[in-house]
Colleague: 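I have a structure here, written as structure tokens, and I will follow up with some questions on it.
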Number of protein chains: 2
Amino acid sequence: MTSLAEENYLKAIYKLYEKNGAMVSTSALAETLQINAASVTDFIKKMAAKKLISYQKSKGVSLTEQGRLIALNIIRKHRLWEVWLVNNLGFKWDEVHEIAEQLEHVISDELIENLDKHLGYPKADPHGDLIPDAKGRFIKNSSKPLLECTKGDKVKFTGVAEHSNSFLQYLTKSNISLGDEIVVEVIEEYDNSFQVKINKKERKLLSKEVVKNLLVVVM
Amino acid sequence: MTSLAEENYLKAIYKLYEKNGAMVSTSALAETLQINAASVTDFIKKMAAKKLISYQKSKGVSLTEQGRLIALNIIRKHRLWEVWLVNNLGFKWDEVHEIAEQLEHVISDELIENLDKHLGYPKADPHGDLIPDAKGRFIKNSSKPLLECTKGDKVKFTGVAEHSNSFLQYLTKSNISLGDEIVVEVIEEYDNSFQVKINKKERKLLSKEVVKNLLVVVM
DNA sequence: AAATAAAATTAGGTAAGCCTAATTGTGTAT
DNA sequence: ATACACAATTAGGCTTACCTAATTTTATTT
């Protein structure tokens with residue numbers, strides 16, 4: 001059995017590894033988990049003994065296959081619960097993270113399979129993050145930051161690369177939602193801001209910071 | 001904040017107090033929580049210091065008003081989750097207890113209010129147990145054990161007085177469900193078994209053990 | 001290569017929530 | 001009133017998951 005703490009460490013290691021593509025450092029883990037670095041060193045030694053991670057002293061950690069599967073399972077649960085919270089309980093996409101952080105630790109495979117079925121086997125959560133299947137497999141899509149598009153591109157908004165409440169609320173306020181069609185009309189060379197047309201109607205100016213964090217697929 | 005352990009103690013004390021109508025003994029608590037009596041003594045002292053319970057050494061404990069409200073809130077959450085698991089996720093009434101035991105500890109008032117709304121403000125869980133409102137108030141009904149009925153009574157099956165899986169599964173197997181109409185046709189004096197007619201169709205013989213645990217309201 | 005800064009580890013400690021073994025209290029039968 | 005049985009408590013200990021302070025390792029600058 002994996003404890004609550006172990007699950008949180010595994011999830012954090014998975015995410016940091018995805019983000020940086022390298023061994024995860026003690027300090028990075030300490031920072032994300034808001035736990036003292038000395039405590040982290042302590043804990044990862046125990047996790048390594050349990051073969052959940054591989055640990056090279058002073059060099060960092062990475063997930064074993066077993067640890068990776070557990071991490072993906074937690075992520076799967078988190079994202080399914082987020083779908084439920086938004087689609088069925090009426091929460092906004094910036095309100096669900098904390099609640100899903102609790103729900104993700106509920107243990108019952110049958111519950112999760114029934115939930116998945118109940119939700120119609122969603123492929124992504126309310127922020128466009130892909131939901132792995134029960135065996136930890138993703139059905140990858142070809143999304144990329146809007147920043148990488150060029151003038152004239154017609155794309156679909158499929159996810160966010162930044163999950164802060166302030167960014168999510170900015171998008172809500174700006175009336176930009178998952179699934180929207182975006183056409184790139186002008187790219188301002190000077191500051192990399194984009195002038196776009198949303199759903200063939202509204203014309204909007206988006207800063208570099210914003211287009212960097214909007215994930216889209218070319219239509 | 002109340003810890004997981006405290007919530008479980010409060011719930012157990014509430015239920016034992018309801019059942020026996022008296023101060024709850026250390027040994028009764030130890031038995032229901034499957035925790036050593038010495039640990040219970042230890043823990044209830046700390047809970048008393050926090051004013052969650054009142055504790056008289058060697059005499060037992062009872063809930064303070066604060067403790068009672070927390071206990072009722074946990075029970076409310078447990079029962080709402082059970083309704084959801086049965087009505088929306090397709091679980092059977094004998095499959096939901098363990099999962100609800102985990103879900104009941106998720107903290108978010110907004111979640112529970114949204115869930116309650118989503119479920120249509122149910123008054124009872126899948127076993128007929130009443131669901132207290134957010135302020136810990138019950139809307140009592142007038143149910144009693146079928147055993148207390150007399151020949152000719154026409155009643156509605158509204159709940160169970162015993163929650164064991166074996167009893168629930170016996171009822172399922174016997175095709176007896178919450179909401180069924182039951183007419184008492186014959187009471188066998190010798191062994192207190194009841195001959196009943198269910199939903200104006202099926203005739204059934206129910207042992208004393210069973211009629212003791214079927215809760216009904218007279219129609 | 002030496003000095004310094006930053007990161008990681010070690011050592012020792014704490015609180016929560018449990019345990020066993022020993023002791024004390026309480027209630028019932030003689 | 002005394003003895004016995006059982007319930008409750010006390011005392012001392014353990015594990016998990018954290019902490020701070022001190023030390024060591026690694027990386028960076030001069």
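Convention: sequence-line order gives letters A, B, ...; per-chain numbering from 1.
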Colleague: Determine the contact category for A:Ser39: base if any of its heavy atoms lies under 4.0 Å from a base atom, sugar-phosphate if only primed atoms, P, OP1 or OP2 are that close, otherwise nothing.
Modeller: base
Colleague: Give me the ring orientation class for A:Phe167 and A:Tyr170: parallel if the planes are under 30° apart, tilted from 30 to 60°, perpendicular past 60°.
Modeller: parallel
Colleague: What pairs of donor and acceptor atoms, side-chain ones from residues 38-59 of chain B against any protein atom, are under 3.5 angstrom apart with sequence neighbours left out?
Modeller:
residue	atom	partner	partner atom	Å
B:Thr41	OG1	B:Ala37	O	3.2
B:Lys50	NZ	B:Glu6	OE2	2.7
B:Ser54	OG	B:Ser62	OG	3.1

Colleague: Could you pull out the protein-nucleic contacts involving nucleotides 14-17 of chain D (nitrogen or oxygen on both sides, under 3.5 Å)?
Modeller:
residue	atom	partner	partner atom	Å
D:dA17	OP1	A:Ser3	OG	2.8

Colleague: Have B:Trp93 and B:Ser177 got a donor and an acceptor in their side chains that come within less than 3.5 Å?
Modeller: no
Colleague: Could you state the CG-P distance from A:Asn36 to D:dA22, rounded to the nearest angstrom?
Modeller: 14 Å
Colleague: Looking at A:Glu98 and A:Glu95, would you say the former's side chain and the latter's main chain have a donor-acceptor pair under 3.5 Å?
Modeller: no
Colleague: Is a side-chain N or O of A:Lys156 found less than 3.5 angstrom from the main chain of A:Val218, in a donor-acceptor match?
Modeller: no
Colleague: Students often get this wrong, so: under 4.0 angstrom with heavy atoms, is B:Thr41 touching a base, only sugar-phosphate, or nothing?
Modeller: base
Colleague: Are the side chain of B:Asn192 and the backbone of B:Glu188 linked by a donor-acceptor contact shorter than 3.5 Å?
Modeller: no
Colleague: Across the strands shown, which category fits B:Lys45 at heavy-atom distances under 4.0 angstrom: base, sugar-phosphate, nothing?
Modeller: sugar-phosphate
Colleague: Could I get a table of every N or O pair under 3.5 Å where one atom is in the protein and the other is in nucleotides 23-29 of chain D?
Modeller:
none

Colleague: Just distance, no hydrogens or angles: give the donor-acceptor pairs under 3.5 Å from side chains in residues 7-18 of chain B, sequence neighbours left out.
Modeller:
residue	atom	partner	partner atom	Å
B:Glu7	OE1	B:His105	ND1	2.5
B:Asn8	OD1	B:His105	NE2	3.2
B:Lys11	NZ	B:Glu101	OE2	2.7
B:Lys11	NZ	B:Glu104	OE1	3.4
B:Lys11	NZ	B:Glu104	OE2	2.8

Colleague: Can you give the first and last nucleotides of DNA chain C, 5' to 3', that have an atom under 4.0 Å from a heavy atom of chain B?
Modeller: C:dG17 to C:dA21
Colleague: For A:His127 and A:His163, I'd like to know if the aromatic rings sit close, meaning centre-to-centre distance below 6.0 Å.
Modeller: yes
Colleague: Could you please spell out the steps behind the side chain to side chain donor-acceptor pair (under 3.5 Å) verdict for A:Ser164 and A:Glu162?
Modeller: CA-CA 6 Å; A:Ser164 70; A:Glu162 135 105 50; 2.6 Å; yes
Colleague: Can you run down the salt bridge (charged side-chain N to carboxylate O under 4.0 Å, His left out) pairs that involve residues 110-130 of chain B, sequence neighbours left out, and say none if there aren't any?
Modeller: B:Arg76-B:Glu113, B:Arg76-B:Asp116, B:Arg79-B:Asp125
